[in-house]
Amino acid sequence: MADQSKRLAERSEQARSNPLADQLKEVPVIDMDVHTSFRNEEIQRDLLKHLDDPYKREIEYYLQPGTSSYDGMYPTDNYNRDLSGKLPTELMQVTDPKEDIDDVLSREFHVDYPIVNMLPELNMVRQTDKAVALNEAANKVLVERFLDGHDNFYGLASVVPHDPAAAAEEIDRFASEDQICGVFLNSTGTKTPLGDEKYDPIYRAAEDNDLPVVFHGAAAPGLALDFPTLQHELQTYMANHALAHVYSQFLTLTSLFENGTPAKFPGVDFVFQEAGIAWLSLIFRLNREYKQRRSEVPLLEKTPEEYVRDQFYFATQPLDEPNDPVMMKQLVEMWGGDVLMFATDHPHFDIDNTEALLKYLGNFSEEDRNKVLYGNSAEVFDIDVS
Amino acid sequence: MSQNAQNLPLDDDEHVVARSDELTDGERVIALLNGKEIGVFNIDGELYAYPNWCAHQGGPLCEGMVSGTVEAEHDRDTLTTELEWCREGEILSCPWHGWEFDATTGDCLVDDGCKLRSIPVRNESGYVVVTL
Ligand code: FES
């Protein structure tokens, strides 16, 4: 277990003062992918207030040192994610909204409005009832611990794919919370791809409540189910992590078009996190497939790219790294103010600094630059930045 | 006026491509006129002609299958989707990449910018005459 007292998301004073930082002083920034440390003891203790037995009792014992001989509460995989400590999975523990989010993100990354998700990663919890109960409890902790009393904070209420009708009810419940601004789904370990019509109650509930649906790519438990060769036959976490987010987002995006989901629910905005943007070349391939085989996807009334530019958004994080930075500029310019949204992924090892993104926006008009830094998020998540 | 085997009074740019009784409902001919291949279709008794040259990548569009296509309707209350086979006999699919065209208008079903160029065609004195 890494030293939980370290705060490695913080940088030196010299690093903090630089010309790019100066440029960001006057611009509001929305960070649409901020995580909490869900398995931290403080957060787990919060969950207890919102759980009944047997799950309450399970967590109580999970938290009691020396009780259980192995960690069975939450599914995990078995990779050496942190290279035995060289590359900490979490740069710090995020349990306190002010100290661990607001202070750090505003000072280091110029963020004014964090959009927080609990990242409970419950897709692979076997029992439906348990996954639904833990997820609902997580959403309550999100509101109580992270949003209440922090007016510049917003949150994504998560749902699990096990029981779409229950997920729709959860969306109806949380939509009344002022600071809940979207629905959060992990794209990994969903068993059935997320565009399948069995999930339509989730999209309808999102549309009814005027909330976007956010798909979070992750090398999360469940990858073994979606992509068994990736999980079992590749040798390293380097390979696993390179493909996990992209594969799960490939599958999700393709599935949404296969099933005509954006045409069925034209009021829903679809947002993708944590796979960078180079993978968006898939959209051009989907264009081609759509034109060749339109009669298989007759709900679609226009090309996938047209839907994307109207109804889809993509986090820039983690910034892709072509050896020639000019190519990265070209990539952001291809999608630009239409679809990109800034995100940090705080506090994980994929973290992006706003200044690092800003370097590539040199050719953007001020208007388009601002859309990426906050405008698109402000519109989709209905955040007033004035 | 040009000379033609049928002794019809035609202008130089007018060409006979078939006898009308050969090009019956549902049939097509592809004619080579001044070095250009032209596909002529009889759909429900109406004649339509287009260049045999797909606007996508130049494939032999007019040799593609003429059939129908699928349309869908989604019911938001029941969350069900109903599929319907429709426009039988009117949809021309390019054999190279399957792009669908409405053979009665030249409209491309997958790309608004790619309408086919309609070529004038008519029945005259028992012959099908194309004007290039
Ligand atoms: S050439 Fe006709 S569809 Fe491609």
Side-chain angles (χ1 to χ4, degrees), chain A residues 163-169 171-172 192 194-210 213 255-268 283-307 309-311, chain B residues 41 43 50-117:
Chain A
D163 179 347
E169 285 171 23
I171 293 167
D172 287 340
T192 306
L194 284 166
D196 190 276
E197 66 178 12
K198 81 178 196 190
Y199 300 119
D200 280 352
I202 295 177
Y203 300 108
R204 183 173 59 186
E207 189 172 56
D208 285 343
N209 291 291
D210 208 10
V213 177
S255 173
L256 291 173
F257 282 111
E258 174 186 55
N259 290 284
T261 316
K264 289 176 184 172
F265 306 103
V268 175
I283 293 159
F284 305 139
R285 189 168 169 81
L286 289 172
N287 275 352
R288 180 158 175 142
E289 295 297 335
Y290 160 75
K291 290 184 207 169
Q292 296 201 188
R293 319 188 69 91
R294 189 211 63 86
S295 57
E296 286 188 325
V297 288
L299 282 172
L300 298 184
E301 284 164 357
K302 53 192 178 184
T303 58
E305 183 180 346
E306 288 171 282
Y307 282 104
R309 292 195 187 268
D310 287 347
Q311 256 173 288
Chain B
F41 299 82
I43 297 171
Y50 304 103
N52 186 21
W53 190 91
C54 179
H56 177 223
Q57 289 192 4
L61 170 65
C62 293
E63 293 170 60
M65 183 165 162
V66 175
S67 65
T69 191
V70 184
E71 281 173 9
E73 191 114 22
H74 183 248
D75 183 327
R76 202 181 176 284
D77 294 326
T78 59
L79 295 178
T80 52
T81 301
E82 206 159 308
L83 300 180
E84 193 199 347
W85 180 261
C86 58
R87 301 164 82 182
E88 175 60 31
E90 295 178 8
I91 303 297
L92 174 62
S93 298
C94 179
W96 274 18
H97 312 106
W99 285 27
E100 293 176 318
F101 293 86
D102 180 339
T104 68
T105 61
D107 288 337
C108 179
L109 271 56
V110 296
D111 185 342
D112 291 343
C114 161
K115 193 175 165 75
L116 296 177
R117 184 166 63 83

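So you know, we letter chains A, B, ... as the sequences are listed, proteins then strands, and number each from 1.
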If you count every heavy atom of other residues, nucleotides or ligands that lies below 6.0 Å from Glu82(B) atom CD, does the total exceed 12? no
Find the distance between CD (Glu289(A)) and NE2 (His97(B)) and round it off to the nearest 0.5 Å. 11.0 Å
What heavy-atom pair brings Thr69(B) and Ser295(A) nearest, and what distance separates the two atoms? OG1-CB, 3.6 Å
Check whether more than 12 heavy atoms from other residues, nucleotides or ligands sit under 6.0 Å from atom CD of Glu306(A), and answer yes or no. yes
In this structure, OG of Ser93(B) is separated from CZ of Arg294(A) (nearest 0.5 Å) by 9.5 Å
With a 4.5 angstrom heavy-atom cut-off, could you sort out which part of Ile91(B) is near chain A: side chain, backbone, both or neither? neither
Near Asp107(B) CG, under 6.0 Å, is it more than 12 heavy atoms from other residues, nucleotides or ligands? yes
Just checking Glu301(A): does its CD atom have more than 12 heavy atoms from other residues, nucleotides or ligands closer to it than 6.0 angstrom? no
For Asp77(B) and Arg204(A), the nearest pair of non-hydrogen atoms, with its separation, is O-NH1, 2.9 Å
What part of Phe265(A) gets closer than 4.5 Å to chain B, counting heavy atoms only: side chain, backbone, both or neither? side chain
Selection from Asp75(B), Asp111(B), Leu109(B) maximising heavy-atom pairs under 4.5 Å formed with chain A: Leu109(B)
In terms of heavy-atom contacts, does CZ of Arg309(A) have more than 12 from other residues, nucleotides or ligands at under 6.0 Å? yes
CD of Gln292(A) to CD of Glu100(B), rounded to nearest 0.5 Å, is 11.5 Å
To the nearest 0.5 Å, what is the distance between CG on Leu79(B) and NZ on Lys264(A)? 7.5 Å
For Arg76(B) and Glu207(A), run side chain to side chain contact (heavy atoms under 4.5 Å, CB included): C-alpha distance rounded to whole Å, both residues' side-chain angles, the deciding distance at 0.1 Å, then the answer. CA-CA 11 Å; Arg76(B) 202 181 176 284; Glu207(A) 189 172 56; 2.8 Å; yes
Mind listing the closest non-hydrogen atom pair of Val110(B) and Thr303(A) along with its distance? O-CG2, 4.1 Å
Among Asn259(A), Leu299(A), Asn287(A), Val297(A), which has the most heavy-atom pairs under 4.5 Å with chain B? Leu299(A)
